[in-house]
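Take a look at the structure set out below.
Chain A is the first sequence line, chain B the second, and so forth, proteins listed ahead of strands; every chain is numbered from 1.
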Protein chains: 2
Amino acid sequence: MINKLIAKIKKTNAPIVVGLDPMMKFVPEYIKEAAFAEYGETLEGAAEAVWQYNRGIVDAVCDLIPAVKPQIAMYEQFGIPGLEVFKKTVDYCKEKDLVVIGDVKRGDIGSTSEAYAVGHLGKVQVGSKSYYGLNEDFVTVNPYLGSDGVKPFLKVCKEEKKGIFVLVKTSNPSSGEFQDRLIDGKPLYEHVGEQVAAWGDECMPEEGNYSYVGAVVGATYPEQGRIMRKVMPKAFILVPGYGAQGGKGADLTDFFQEDGLGAIVNSSRGIIAAYQQEQYAGYGEKNYADASRAAVIAMKEDIASALEKRFQ
Amino acid sequence: MINKLIAKIKKTNAPIVVGLDPMMKFVPEYIKEAAFAEYGETLEGAAEAVWQYNRGIVDAVCDLIPAVKPQIAMYEQFGIPGLEVFKKTVDYCKEKDLVVIGDVKRGDIGSTSEAYAVGHLGKVQVGSKSYYGLNEDFVTVNPYLGSDGVKPFLKVCKEEKKGIFVLVKTSNPSSGEFQDRLIDGKPLYEHVGEQVAAWGDECMPEEGNYSYVGAVVGATYPEQGRIMRKVMPKAFILVPGYGAQGGKGADLTDFFQEDGLGAIVNSSRGIIAAYQQEQYAGYGEKNYADASRAAVIAMKEDIASALEKRFQ
């Protein structure tokens, strides 16, 4: 799947992932009204609104991008109906040949991590049969519990040729509270990054330079991105925090390798709620998906021109 | 909810939580056969088997214990039907007046953590109405992302008078990989514990000595438990790792305060799969729930006698 992701990045010329994090305040009123008219102001109604909203965006941008990253919390908050729409969104994006990164930040120990790995990436055994659960292509994983928590994912990644992105240095303001603390002269996130590199060495596809084990390093910390790019040469870096959180294309070139690969930059509200921004307000609510498309094109150009400047 | 937990611990005289982590290999064959006969060897069939199994255990032990801790991974692995049974289990345990600790180990940033907090502990807004999602009483939270990831939970805890248990020192063998690394002369988990204490200071109920912010410290690390008990005087400690993972009552007394409170010890497979252990094999598969009841009574006595010895 890492090789599919790379092939799609090359084909679209867009190292971009769109975060499908549908907060209700992003969903156009007319979509909510239609959903509530059908299902009432219920969890089912909210889930239906999210689904229609997502589908509009995916249809509008799927030819431009290699991947999407649905944030499961935004679905989980609507209970079972929300999780059904998460699954529906994953399936729909896969039908559109998009690579799906489930932003689930799971992580536990032993058999519990195994259950998460199986449930999100692999197949679960039921009697003599086996079934995919949520069936994403990649998931994000929290490393706080150590190798016990990550290795069950590696096993499933090898079996399914899928992948994970391990949280190394997250994009939020307080990420430094623990992640930046110095241990033997190096910040914690660098120690985590070294483990990511080691886990990745055990988990290489038959062909290609990138392992099944990627890392998350926030766009808001370009200096750390530069260092981590070197610490984890075989890890693809998922870079959240572009746009709404403040990251810009010019800040992000050091997350990439000299071949122009090695990173994929996420934008969520900057794309999916583009119509609410001054710059794209002209599209109006009804054309929210066109506004998203315009925002993807602008992001693509921003990153491409920054990469061109650096690697020219 | 922390005060309800404490009242129930006093009433049952059992600082014990039963982990409802229903792996398929624990579910008696006759239950699986009945479920598969009705739903086939499908995700629905697996979920039904888990539900019947859980219900048997809950019915058999609910008068003896204050709380249960369903591990969501074990349900999530069966996709949507599994998550429906998670919800059904939470609701059923609440009907039985048990405190429900959702072992979800969620943690993200800002609005995403808010969505998890709302989805698991609080109410989500849908138009002019609001609904509980999964509606546990407590959840476990991963601290790797720092205060940004935890504070949205605190907000909901205050509104709903519910609580969280933050991962401090987990029970698994590799927990030391990052958690034990020294920062300014103290292990990372101790720094996390200090934050747990600070978060808890902001989040006290109107009455009582314990905050809404608890901590997870593994039974397998009693020495660390002793230290963390002092670092976080107002935090209830959730102690996993008893039984199957090797923890014993005598090792655990330092997790408690002198009032005999301050900790709640979890056992999962030691209770729910008791019938598969030599000691309880006499019950046979059909009486698996009675075996679980016997195992709860033995655990209760083990911990009570250890506490009595220490605090006599």
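- At a 4.5 Å heavy-atom cutoff, A/Tyr39 makes no contact with chain B through either its backbone or its side chain.
- A salt bridge links A/Glu159 to A/Lys155: at least one charged side-chain nitrogen sits closer than 4.0 Å to a carboxylate oxygen.
- Between the side chains of A/Ser268 and A/Asn266, at least one donor N or O sits under 3.5 Å from an acceptor N or O.
- Of the two parts of A/Asn142, only the side chain, counted from C-beta on, holds a non-hydrogen atom closer than 4.5 Å to a non-hydrogen atom of chain B.
- Using a distance-only test at 3.5 Å, with no hydrogens or angles considered, no donor-acceptor pair links the side chain of A/Glu160 to the main chain of A/Lys162.
- Of the residues considered (A/Asp21, A/Leu83, A/Asp184, A/Val118), A/Leu83 shows the highest number of contacts with chain B, using heavy-atom pairs under 4.5 Å.
- With a 4.5 Å cut-off on non-hydrogen atoms, A/Lys32 does not touch chain B at all.
- Residue A/Thr170 touches chain B through its side chain alone, counting heavy-atom pairs closer than 4.5 Å.
- Ranked by heavy-atom pairs under 4.5 Å with chain B, the first of A/Gly149, A/Ser128, A/Gly122 is A/Ser128.
- Taking the ring centre of A/Tyr221 as origin, the terminal cationic atom of A/Lys169 falls inside the region bounded by 6.0 Å and 45° from the ring axis.
- For A/Phe165 and A/Phe138, the gap between ring centers is short of 6.0 Å.
- Heavy-atom distances place the side chain of A/Gln195, and not its backbone, under 4.5 Å from chain B.
- Comparing B/Leu134, B/Leu188, B/Asp103 by heavy-atom pairs within less than 4.5 Å of chain A, the highest count is held by B/Leu188.
- Taking chain B as the reference chain and counting heavy-atom pairs below 4.5 Å, the highest number among A/Ser175, A/Ser130, A/Ser174, A/Gly146 is found for A/Ser174.
- For B/Glu84, the parts lying near chain A are the backbone and the side chain together; criterion is any non-hydrogen pair under 4.5 Å.
- With chain B as the partner, the residue from A/Gly127, A/Ala115, A/Gly176, A/Gly107 showing the most heavy-atom pairs under 4.5 Å is A/Ala115.
- Annotation: maximal heavy-atom pairing with chain A below 4.5 Å, among B/Val124, B/Leu145, B/Leu43, B/Thr42, occurs at B/Leu145.
- The existence of a salt bridge linking B/Glu76 and B/Arg106 is confirmed by a sub-4.0 Å separation between a basic side-chain nitrogen and an acidic carboxylate oxygen.
- Of the two parts of B/Pro81, neither the backbone nor the side chain holds a non-hydrogen atom closer than 4.5 Å to a non-hydrogen atom of chain A.
- Checked against a 6.0 Å centroid threshold, the rings of B/Trp51 and B/Tyr92 count as neighbours.
- Both the backbone and the side chain of B/Ser111 come within less than 4.5 Å of a heavy atom of chain A.
- Contact annotation for B/Leu182: only backbone heavy atoms (N, CA, C, O) come within less than 4.5 Å of a heavy atom of chain A.
- Although no hydrogens or angles enter the test, the distance criterion places a donor-acceptor pair under 3.5 Å between the side chain of A/Thr140 and the main chain of A/Val104.
- A salt bridge does not link A/Lys94 to A/Glu136: none of the charged side-chain nitrogens sits closer than 4.0 Å to a carboxylate oxygen.
- At a 4.5 Å heavy-atom cutoff, B/Phe86 makes no contact with chain A through either its backbone or its side chain.
- Using a 4.5 Å cut-off between heavy atoms, B/Val150 makes no contact with chain A at all.
- For the pair B/Glu177 (side chain) and A/Ser147 (backbone), a donor-acceptor distance under 3.5 Å is present.
- Interface remark: A/Phe36 contributes side-chain atoms only to the contact with chain B (heavy atom separation under 4.5 Å).
- Note: A/Arg181 leads A/Arg181, A/Met24, A/Lys129, A/Gln125 in heavy-atom pairs under 4.5 Å with chain B.
- Among the candidates A/Pro143, A/Ala46, A/Gly79, A/Gly110, the residue making the largest number of heavy-atom pairs closer than 4.5 Å to chain B is A/Pro143.
- The line from CD1 of A/Ile183 to NE2 of A/His191 is 5.0 Å long, rounded to the nearest 0.5 Å.
- For B/Gln77, the parts lying near chain A are the backbone and the side chain together; criterion is any non-hydrogen pair under 4.5 Å.
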Check against side-chain hydrogen bond (donor to acceptor under 3.5 Å, both in side chains), A/Asp108 and B/Gln71: CA-CA 10 Å; A/Asp108 209 291; B/Gln71 166 51 260; 3.3 Å; yes
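- Of the options B/Val213, B/Leu121, B/Val139, a side chain to side chain contact (heavy atoms under 4.5 Å, CB included) to B/Cys157 is made by B/Leu121 and by none of the others.
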